[in-house]
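Labels below follow one simple rule: chain letters A, B, ... track the order of the sequence lines, proteins then strands, and each chain is numbered from 1.
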Amino acid sequence: MSEISPHIETQNLCAYYGSTQALEDVSIIIPRNQITMIIGPSGCGKTTLLKCLNRFIELEENARVEGKVLIDGENIYSPYVEVTEVRKKSGLLAQRPYPLPMSIFDNVAYGMRIHRLRPRHEIEQAVRHYLQVAGLWEEVKDRLHAPASQLSIGQQQRLCLARGLAVQPEIILGDEPTSALDPISARHIEKRLVELKERYTIVLVSHILRQARRLADYVIFMYMGKVIEAGIAQQVLSAPQHEKTQAYISGEF
Amino acid sequence: MEKRDFLKSNIQTPESRRAKLDQRVRRAFWLFSGIPLILALLILVALWLKSQPILLTHPITKLLFGSAWKPQRGEFGFLPFISGTIWVTLVALVIAVPICVLTAIYLSEYASGRLQRLVKPLLDLLAAIPSVVYGVWGVLAIVPWVQNSIAPLLSQWSYIFPILTKTNPTGYSVLAGGIVLAVMVAPFIVAIAYEVLQTVPFGLRQASLALGATRWQTVKYAVLPKAATGIFASIILGCSRALGETMAVLMVVGNVPQIPRSIFDAAYPLPALIANNYGEMMSIPLYDAALMSASLILLIMVLGLNIFSMLALRHVLRERV
């Protein structure tokens, strides 16, 4: 097996909400161009860890972070780094899709416009491209200027994917991105993600073990704010080393 | 009769008693919720009937668009009062709306939770101050301020903007009324606009921020379009309050029955006309009916504004879906 090349790395990462500690001394690496899944029971800190990777944790009231998160070796919590630049590096798929209150076209063009990524005449082509990558183009090509809220929820999630890809990120973060979708839409998203790992580093939070078995190349198992076990998916999921991981994978909690 | 029904139902099965009670409660609630509507209709009808004497003897166009107010000679032109009401309300909105909307945006989108919890009750407190206190404050503070500072300053520009012409040696003016009103309606506009902004899902803001948008871009492109109709509604509510506000305004606007040409002119809004004169000078023929029709005009203005804004909101919402 090829050697793991880290894209994201956390060093002694701790996160607090007020006086409760949500992450305890998390030091992990997330390999480039692979799907990494963070699994664990609810309340274990999976989502908090994900939020630390694009500094979304700062939006929570009373939240505090210690330690480092390095993306390509650069600490995103350094005072010299602009938060908008950090967030631009990663596309986010939330639990449920939130299309912006504008047309389908403008949703995808939004990121390119606010960052002035492309000259005006290229935007149309780029929107088409990203809608194709997200597997939505065929369904919406005749109504690009209709409000995005008219799409089904599964289509909206793919629109959010296209919107996120349009700012040319290197990373895709997903917080249980299929949990609000019907099984067919969920498969659709999963299929896209597998295709996209060639070009992007993908980090997903999931509490569905089967999904982890289907998608993950690399798995991080968390429990009570700590990382218990991390490694190649096959090893962790079929031959876990730690007893807590064993218990979780055999469905004990 | 009612009592016997109740006794009878006592020996029935518990299930049917529950169903009956349910029915009765529903009817009672229906009745109670109908009362405000009926009351509004009754007021409208009563005012209309009471203004009949003047409506029958004077053509409606003369009443609405006549500018002569000489009750002793039987001339009742309401235009000075209608335009006074509109002037004062518009000035109040021009001052209040930008400040209030920006305040609501700041509180909802930028301020920390602690600051929000501190400022919100203070704003609500502002809404609880009695109208007459605002009036006294207007007389003691705003009127002299307009007279001594604002009027000399702004009237320098009157050769470009005629509405800044200073014609009135005192500070009792449209502007003074507008300022006092602006302060009075502000808590309402801020409170409602804030609530509206809070109903925008947090996930929508995150969706925009996740793309690397700044807070302002997020507010401008994601939050405000979603909240625009609600903010519009908050402004309309402020506007209807301003139209009807009486005490504080009549203490500072000067009460001269003329059509204002400048923000420094004195005005005489409809509510002030009614409050100042009702119960006095009733010996003048038709005066009573004239005041009633003034109330009718005011009521129709407020109702019309609300109905118009309701229809406009519905239209906008339908286009959005």
Side-chain angles (χ1 to χ4, degrees), chain A residues 18 50-51 53-62 82-103 106-117 146-150 156-157 159-160 162-169 171-175 180, chain B residues 101 104-120 193-234 312-321:
Chain A
L50 197 77
K51 279 182 182 164
L53 302 184
N54 66 351
R55 286 179 58 174
F56 255 36
I57 187 92
E58 292 170 4
L59 301 176
E60 311 280 335
E61 204 169 324
N62 296 325
E82 257 195 78
V83 67
T84 50
E85 287 303 308
V86 171
R87 292 186 183 145
K88 202 176 130 226
K89 277 189 184 162
S90 51
L92 176 76
L93 283 177
Q95 283 191 17
R96 4 170 339 204
Y98 282 100
L100 298 167
M102 46 183 87
S103 71
D106 289 338
N107 259 276
V108 183
Y110 181 68
M112 296 187 268
R113 286 177 179 151
I114 59 174
H115 293 296
R116 298 206 174 79
L117 287 180
S149 53
Q150 284 177 358
Q156 286 181 8
Q157 193 63 302
L159 179 69
C160 291
R163 182 178 70 188
L165 295 179
V167 295
Q168 301 169 340
I171 302 162
I172 298 171
L173 304 176
D175 185 1
Chain B
V101 172
I105 292 174
Y106 174 74
L107 278 181
S108 164
E109 307 300 317
Y110 291 86
S112 69
R114 223 165 78 215
L115 190 67
Q116 289 181 34
R117 282 187 293 274
L118 186 81
V119 173
K120 274 285 290 155
Y194 171 84
E195 294 302 330
V196 166
L197 288 168
Q198 289 287 298
T199 61
V200 175
F202 196 55
L204 189 68
R205 298 181 176 88
Q206 291 191 329
S208 169
L209 292 171
L211 297 166
T214 60
R215 237 167 225 275
W216 171 237
Q217 286 167 333
T218 301
V219 168
K220 194 161 128 202
Y221 298 114
V223 180
L224 281 185
K226 205 76 172 174
T229 51
I231 291 177
F232 176 68
S234 76
L313 280 181
R314 198 174 293 170
H315 181 73
V316 173
L317 286 178
R318 196 176 304 147
E319 280 196 348
R320 278 275 174 80
V321 172

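- Contacts of B/Tyr221 with chain A are made by both backbone and side-chain atoms, with heavy-atom separations under 4.5 Å.
- For the set B/Gly113, B/Ala207, B/Ala210, B/Ala213, the count of heavy-atom pairs under 4.5 angstrom toward chain A peaks at B/Ala210.
- Listed here is the closest heavy atom pair of B/Gln116 and B/Ala111: NE2-O, 3.2 Å.
- Within residues 107-116 of chain A, the residues having any heavy atom less than 4.5 Å from a heavy atom of chain B are, in residue-number order, A/Tyr110, A/Ile114, A/His115.
- Closest heavy-atom contact between B/Leu197 and B/Ile231: CD2-CD1, 4.2 Å.
- Smallest separation of non-hydrogen atoms from B/Ala222 and B/Leu204: O-CD2, 3.5 Å.
- No more than 12 heavy atoms of other residues, nucleotides or ligands shown are found within 6.0 angstrom of CD on A/Glu82.
- Of residues 84-91 of chain A, those residues with a non-hydrogen atom less than 4.5 Å from any non-hydrogen atom of chain B are, in numerical order, A/Thr84, A/Arg87, A/Lys88, A/Ser90.
- Neither the backbone nor the side chain of A/Pro97 comes within contact range of chain B, judged by heavy atoms closer than 4.5 Å.
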Apply side-chain contact (heavy atoms from CB on, under 4.5 Å) to B/Leu115 and B/Tyr106, showing your working.
CA-CA 10 Å; B/Leu115 190 67; B/Tyr106 174 74; 3.6 Å; yes
Run B/Leu224 and B/Val200 through side-chain contact (heavy atoms from CB on, under 4.5 Å) and show every step you take.
CA-CA 9 Å; B/Leu224 281 185; B/Val200 175; over 6 Å; no
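- Across all non-hydrogen atoms, the minimal contact from A/Arg163 to A/Tyr98 is NH1-O, 2.9 Å.
- Scanning both residues, A/Ile171 and A/Leu173, for their nearest heavy atoms gives CG2-CD2, 3.7 Å.
- With sequence neighbours excluded, no residue forms a salt bridge (Lys or Arg N to Asp or Glu O under 4.0 Å) with B/Arg114.
- In terms of heavy-atom proximity, A/Lys51 sits nearest to A/Asn54 at O-OD1, 3.3 Å.
- Heavy-atom pairs under 4.5 Å with chain B were tallied for A/Leu100, A/Asp106, A/Leu92; the largest tally goes to A/Leu100.
- Residues passing the side chain to side chain donor-acceptor pair (under 3.5 Å) test with B/Gln198, sequence neighbours excluded: B/Ser108.
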